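The structure appears below as structure tokens.
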Amino acid sequence: SQTIHQWPATLVQPVGSPLSLECTVEGTSNPNLYWYRQAAGRGLQLLFYSVGIGQISSEVPQNLSASRPQDRQFILSSKKLLLSDSGFYLCAWSLGTGANVLTFGAGSRLTVL
Amino acid sequence: AQSVSQHNHHVILSEAASLELGCNYSYGGTVNLFWYVQYPGQHLQLLLKYFSGDPLVKGIKGFEAEFIKSKFSFNLRKPSVQWSDTAEYFCAVSSGGSYIPTFGRGTSLIVHP
């Protein structure tokens, strides 16, 4: 069966520090991968998605970037965090073709101080 | 761009009450519709989905949703809620040639025993 792992679960970082959140999927090949940010009362905002290694699409211009160095690995990064980057970040995957169900990770709570 | 509206942001019910959560979307063509649920401390997970066929779809735990194309709606219903239904509920829609769902803002449901 497929599983999705996301870490770290909780992170407290100072303003201006770098960020790296990692997500890996097991049990499937060539998944579509997604990074969402969940803010209270604002739903899920799509940040990045990827249909293959090295292929990243950005939905919202901001202080963050994403990379997919391996088929089942998706990384969310920042060189210098802002206070506004605080939030709950969710990684998700879906099958690579057609309209499909997203399977979400447990999420990473980022607090920038 | 596709937009999804969930009009009820916070709903408080007593056990055995009936539930209906509204979801409306803006795209007029072919759509795929989803309800996701996030129970306290758990991953966001699929509750039910509609791709085609019978517009009344049934999901887990006694939930159902009805796709009404003329009203651009996909409302979630349950005839008798339980305390364990306390969670946040998200409607999502993907449309046209895009497999990427757009999420609503979510509805927080609290069920009192």
Side-chain angles (χ1 to χ4, degrees), chain A residues 1-7 9-10 23-26 28 30-52 55-61 66 68 74 87-109, chain B residues 1-11 21-25 27 29-53 57 59-60 67 74 87-109:
Chain A
S1 63
Q2 301 91 356
T3 56
I4 178 168
H5 303 280
Q6 192 179 335
W7 71 94
T10 306
C23 173
T24 59
V25 180
E26 297 176 357
T28 188
N30 196 32
N32 295 330
L33 297 171
Y34 310 80
W35 279 110
Y36 283 87
R37 179 163 53 201
Q38 183 179 5
R42 297 181 63 184
L44 275 71
Q45 179 188 36
L46 179 65
L47 303 176
F48 301 95
Y49 67 94
S50 171
V51 299
Q55 300 178 60
I56 309 294
S57 296
S58 172
E59 289 294 300
V60 182
R68 185 170 178 173
F74 205 25
F88 191 56
Y89 291 85
L90 287 167
C91 181
W93 74 272
S94 70
L95 292 174
T97 56
N100 280 293
V101 175
L102 267 62
T103 300
F104 287 88
S108 298
R109 174 77 60 190
Chain B
Q2 174 72 262
S3 67
V4 180
S5 298
Q6 291 182 243
H7 308 295
N8 317 101
H9 298 154
H10 300 279
V11 175
L21 301 182
C23 174
N24 289 91
Y25 59 91
Y27 184 72
T30 302
V31 290
N32 302 298
L33 303 159
F34 309 83
W35 277 97
Y36 286 83
V37 61
Q38 189 171 33
Y39 298 104
Q42 295 188 27
H43 296 204
L44 195 62
Q45 60 186 282
L46 181 73
L47 191 59
L48 49 77
K49 66 182 186 293
Y50 172 82
F51 286 172
S52 63
V57 293
I60 59 173
F67 169 47
F74 190 55
E88 190 150 13
Y89 293 81
F90 293 91
C91 180
V93 181
S94 64
S95 56
S98 173
Y99 50 83
I100 302 171
T102 299
F103 284 80
R105 291 176 57 179
T107 297
S108 173
L109 171 66

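Please read these numbers as outputs of a predicted model, since none were measured by experiment. Residue numbers start from 1 in every chain, and the chains themselves are labelled A, B, ... in the order their sequence lines are given, proteins ahead of strands.
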Do A:Q2 and A:T28 meet the criterion of a side-chain donor-acceptor pair at a distance under 3.5 Å? no
Only one of B:F90, B:F74, B:F51, B:F103 passes ring pair (Phe, Tyr, Trp, His ring centres under 6.0 Å) with B:F34, and that residue is B:F51
Run the ring pair (Phe, Tyr, Trp, His ring centres under 6.0 Å) check on A:F104 and B:Y36 step by step: do they pass? CA-CA 10 Å; A:F104 287 88; B:Y36 286 83; 5.7 Å; yes
When the 4.5 angstrom heavy-atom criterion is applied to A:Q45 and chain B, the contacting part is neither
Is chain A contacted by the side chain of B:L44, its backbone, both, or neither, given a heavy-atom distance below 4.5 Å? both
With no hydrogens and no angle check, do the side chains of B:T102 and B:Y25 hold a donor and an acceptor under 3.5 Å apart? no
By a 4.5 Å heavy-atom criterion (distance strictly below it), what part of A:L46 contacts chain B: side chain, backbone, both, or neither? side chain
Would you say the side-chain atoms of A:R68 and A:S50 include a donor-acceptor pair closer than 3.5 Å? yes
Name the region of B:Q38, side chain, backbone, both or neither, that has any atom closer than 4.5 Å to a heavy atom of chain A. side chain
Cut-off 4.5 Å, heavy atoms of chain A, and the answer for B:E88 is side chain
